[in-house]
Amino acid sequence: MKTLDAQPFAYSFDPATTALIVIDMQRDFVEPHGFGEALGNDVSLLRRAIDPCRRLLEAARHAGLFVVHTREGHRPDLSNCPAAKLTRGGKTFIGQQGTMGRILIQGEPGHDIIPELYPQAGEPIIDKPGKGAFFATDLHLILQARGITSLIICGVTTEVCVQTTAREANDRGYEVLIPEDCCASYFPEFHRAALEMIKAQGAIVGWVSDADAVIDALR
Ligand code: TIU
């Protein structure tokens with residue numbers, strides 16, 4: 001077992017039963033001309049999570065942790081996109097042509113994971129139609145098949161797909177840790193508030209730490 005300093009109290013995990021989940025580090029969210037920018041956001045705010053994620057991903061791979069990546073997106077015919085989601089932001093964005101291909105559509109350049117954090121062979125990629133990584137995916141089945149009980153969750157955005165996934169995981173019995181510098185939001189105040197909510201009430205959803213604490217524990 002490894003133990004690291006975390007809030008609201010120390011987090012213990014066994015690397016053999018722990019997975020690192022990297023949520024939606026896709027070009028459509030962190031590069032210009034994708035979904036994030038179409039919604040009116042400043043994507044540069046998300047880029048600060050890239051380097052901590054890269055360092056943690058490297059340490060996790062070195063320590064033999066199971067690594068899983070997710071991508072938010074939809075089929076080209078939009079058949080798995082709820083009608084309501086098409087007009088979020090007050091306009092239709094998903095499926096429209098951008099400079100990185102059709103926005104949030106599977107197989108398009110913008111839907112892919114950024115090169116800095118690109119998955120390696122053997123690391124599952126979960127394509128998800130919702131914000132949470134467990135909804136309408138085989139993530140739980142994949143984790144159960146590997147005997148995974150603890151999840152270290154990184155990615156974007158903190159209060160949307162990371163928090164939704166953390167809550168889904170917590171309800172399924174996983175022990176969730178979020179390294180705060182490995183996630184980011186277009187709204188820094190939402191990032192802070194989401195992390196407060198997660199660790200409140202004695203880790204009601206999970207624990208919060210940072211990349212260096214996890215990397216040190218994995219050494
Ligand atoms: N808009 C926003 O903050 N996030 C999303 O739409 N998806 C994810 O968080 N991945």
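In each ligand, atom 1 is the first atom listed, and ligand 1 is the first ligand listed.
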Salt bridge or not between Lys131 and Asp24? Use side-chain N to carboxylate O under 4.0 Å. no
So that I can tick it off, tell me whether Arg55 and Asp51 are bridged by a salt bridge, with the cut-off set at under 4.0 angstrom between side-chain N and carboxylate O. yes
Carboxylate-amine/guanidinium contact Glu123 Arg61, below 4.0 Å: yes
Any salt bridge between Arg27 and Asp112, counting N to O under 4.0 Å? no
Name the residues in contact with ligand 1, where contact means a heavy atom under 4.0 Å away: which are they? Asp24, Phe29, Phe35, Leu39, Glu72, Lys131, Val156, Thr157, Val160, Cys161, Tyr186
Flag yes if more than 12 heavy atoms outside Arg172 fall under 6.0 Å of its CZ atom; otherwise flag no. yes
What orientation do Tyr174 and Phe134 show, parallel under 30°, tilted 30 to 60°, or perpendicular over 60°? tilted
